[in-house]
Protein chains: 2
Amino acid sequence: MATVTRKQREILDRQQQVLKVARQIFRQRGYLGLNMDRVAHEMNVAKGTIYQHYKNKEEIILALAVETLDKRTAMFEQACLFRGKPRERMAAIGCAAELFVIRFPDHFELEKVLSCSSIIEKTSENMQLAKTAAELKCINLVAGIVRDAVASGDLELPSEVSPDQVVFGLWSSTYGGYSIMGCDDTLRQMGIDNGFKMVRDINNRLLDGFGWRPLSTEFDYDETYERAQREIFAG
Amino acid sequence: MATVTRKQREILDRQQQVLKVARQIFRQRGYLGLNMDRVAHEMNVAKGTIYQHYKNKEEIILALAVETLDKRTAMFEQACLFRGKPRERMAAIGCAAELFVIRFPDHFELEKVLSCSSIIEKTSENMQLAKTAAELKCINLVAGIVRDAVASGDLELPSEVSPDQVVFGLWSSTYGGYSIMGCDDTLRQMGIDNGFKMVRDINNRLLDGFGWRPLSTEFDYDETYERAQREIFAG
DNA sequence: TGATTTTTTGACGGATCGTCAAAAAATGGA
DNA sequence: TCCATTTTTTGACGATCCGTCAAAAAATCA
């Protein structure tokens with residue numbers, strides 16, 4: 001028993017080790033620069049061994065995304081603990097999202113690669129499900145806050161609008177905003193310097209549009225952001 | 001002289017031909033399925049000839065994106081001609097954006113591929129600039145409508161908010177929304193069926209948040225969408 | 001027509017992929 | 001401890017795609 005467990009642990013450890021090395025390479029050299037030979041070489045191991053753990057490099061990339069997605073879930077969970085009205089907690093989520101892309105700058109690049117259909121197609125169904133599950137955890141945390149707002153009366157949604165719609169809106173604009181920020185110099189051409197602040201403001205306007213009280217015009221959410229940063233994500 | 005022109009035309013024609021064949025392959029087989037040998041083979045031409053026109057497949061993909069981006073500009077220009085208040089014209093732009101992704105379903109896939117830094121890095125500076133220029137044309141059309149709204153008093157922007165910020169917001173949520181729609185089945189998990197309607201509603205909420213009159217709560221923009229579809233993009 | 005320039009060709013060397021038979025290591029029973 | 005059996009690791013291999021370039025073919029010109 002103990003032997004089996006040790007063996008299994010060793011395998012798990014190496015799985016982690018592969019991800020660690022692969023993330024390093026991906027960060028430095030991107031999708032095209034990451035290849036199995038390189039991973040194997042950096043790990044002082046034969047190529048075949050890597051294939052024992054992951055069927056191809058796309059699978060490794062997907063595994064990396066799941067790994068960081070779990071980090072994000074943890075950060076979002078922290079944010080949910082923030083003391084304040086639902087909309088303040090949502091601001092804390094925004095704060096977490098910002099910190100996440102700063103702390104894990106390679107995650108968005110992973111997402112972009114995985115958004116290419118011919119790339120994601122090479123990965124296993126299982127790992128894809130794992131990623132969807134990891135995403136759903138985050139989405140549900142956010143949806144929970146929206147529902148709290150509805151329950152507390154801060155947010156009055158018409159019958160044809162579901163809480164998930166609000167989540168989808170925040171998700172879209174945040175995802176879109178960060179995407180445009182990261183890869184396009186169109187932004188610079190538009191004269192926008194602080195992309196994070198921009199996304200924050202856009203999201204605030206969006207929530208104002210849904211009538212989520214207190215509106216950003218009557219409450220200082222920048223202050224809330226700073227408090228969230230200090231209180232929850234100190235260090 | 002006439003000879004030179006004819007020769008040049010032939011070269012241009014083949015450039016187009018490459019794009020046509022490549023788009024076909026890309027649509028069917030995606031990024032990983034598109035390769036120079038295949039393009040050459042389908043064109044009954046040697047591989048070296050393809051390289052005379054485009055330095056690698058990434059450059060072809062970028063050229064394809066520029067091509068469709070120009071189509072989008074044309075559609076946005078049409079939308080700008082729509083008769084109505086600025087916000088109605090903006091709705092017409094939204095309509096154009098929708099029709100665009102329907103008419104050119106491969107464009108978003110191209111965008112996704114090109115958003116990967118290690119892929120775009122393989123392309124030429126010049127073609128990248130061409131893409132940025134094509135994007136900027138669209139952005140400026142949208143920005144023009146925002147400025148019209150400000151000028152006409154329909155939209156009162158605080159001094160710290162620039163019209164470009166509004167554009168960025170729309171851009172983000174639309175880009176983000178369509179991205180999530182296209183590649184993720186997270187959406188289905190969230191129980192969202194009509195992604196287009198969703199993006200439309202989100203954008204309306206966002207503009208409501210900016211206080212752009214008439215608000216979507218006091219005006220039927222769905223009606224405007226349908227009119228835009230009928231009037232401008234008939235057929 | 002034949003010399004010169006331009007264009008096309010596809011074979012080639014190099015990189016990466018994913019596989020698999022053989023080698024090495026681990027396991028387990030005597 | 002030893003050796004037979006199972007599991008894991010190894011890296012050579014064939015296949016694919018990349019981008020190049022010298023030679024062949026075509027076009028131009030005098």
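Letters A, B, ... are given to chains in the order of the sequence lines, protein chains preceding strands, and every chain is numbered from 1.
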J.: B:Ala134: which residues meet the side chain to side chain contact (heavy atoms under 4.5 Å, CB included) condition with it, sequence neighbours left out?
T.: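 Residues passing side chain to side chain contact (heavy atoms under 4.5 Å, CB included) with B:Ala134: B:Leu69, B:Asp70.
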J.: Atom CD of B:Gln52 and atom P of D:dA26: how far apart are they, to the nearest Å?
T.: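 Distance check: B:Gln52 CD to D:dA26 P gives 16 Å.
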J.: My understanding is that only residues two or more places apart in sequence, or in another chain, count here; which of them pass salt bridge (charged side-chain N to carboxylate O under 4.0 Å, His left out) with A:Lys71?
T.: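 Salt bridge (charged side-chain N to carboxylate O under 4.0 Å, His left out) list for A:Lys71, sorted by chain: empty.
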J.: Nearest whole Å is fine: how far is D:dC17 C1' from B:Ile60 CD1?
T.: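 Computing the B:Ile60:CD1 to D:dC17:C1' distance gives 14 Å.
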J.: Quick one: list whatever passes salt bridge (charged side-chain N to carboxylate O under 4.0 Å, His left out) with A:Arg89, sequence neighbours left out.
T.: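 For A:Arg89 the salt bridge (charged side-chain N to carboxylate O under 4.0 Å, His left out) partners, ignoring immediate neighbours, are A:Asp148.
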J.: Consider the side chain of B:Asn35, meaning its heavy atoms from C-beta on, and name the nucleotide among C:dT16, D:dC17, D:dT10 that approaches it most closely.
T.: D:dC17
J.: To the nearest angstrom, how far is B:Tyr54 atom OH from D:dG19 atom P?
T.: 15 Å
J.: Which residues in residues 15-31 of chain B have a heavy atom closer than 4.0 Å to any atom of DNA chain D?
T.: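 None, since no heavy atom is under 4.0 Å.
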J.: B:Glu42: which residues meet the side-chain hydrogen bond (donor to acceptor under 3.5 Å, both in side chains) condition with it, sequence neighbours left out?
T.: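 Checked B:Glu42 against side-chain hydrogen bond (donor to acceptor under 3.5 Å, both in side chains); zero matches.
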J.: Can you list the residues that meet the side chain to side chain contact (heavy atoms under 4.5 Å, CB included) rule with B:Glu121, with sequence neighbours excluded?
T.: B:Ser117
J.: May I have the distance from B:Ile119 (atom CD1) to D:dC18 (atom P), rounded to whole angstrom?
T.: 12 Å
J.: Would the A:Tyr175 and A:Phe108 ring centres measure less than 6.0 Å apart?
T.: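 Centroid separation for A:Tyr175 and A:Phe108: below 6.0 Å.
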J.: Can you list everything that forms a side-chain hydrogen bond (donor to acceptor under 3.5 Å, both in side chains) with A:Arg200? Sequence neighbours excluded, please.
T.: A:Glu98
J.: Taking only residues two or more places apart in sequence, or in another chain, which ones meet B:Arg27 in a salt bridge (charged side-chain N to carboxylate O under 4.0 Å, His left out)?
T.: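 Partners of B:Arg27 by the salt bridge (charged side-chain N to carboxylate O under 4.0 Å, His left out) criterion, ordered by chain and then number, come out as B:Asp106.
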J.: Just the rounded figure in Å: distance from P of C:dG10 to CD1 of B:Ile50.
T.: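 It works out to 12 Å between those atoms.
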J.: What integer distance in Å separates B:Leu32:CG from D:dC17:C1'?
T.: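 Result: 12 Å.
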J.: I'd like a table of atom pairs between the protein and nucleotides 18-22 of chain C - only N or O on both sides, under 3.5 Å - with the distance next to each one.
T.:
unit_1 : atom_1 : unit_2   : atom_2 : d
C:dG18 : OP1    : A:Lys122 : NZ     : 3.2
C:dG18 : OP2    : A:Tyr51  : OH     : 2.8
C:dG18 : N7     : A:Lys47  : NZ     : 3.3
C:dG18 : O6     : A:Lys47  : NZ     : 2.5

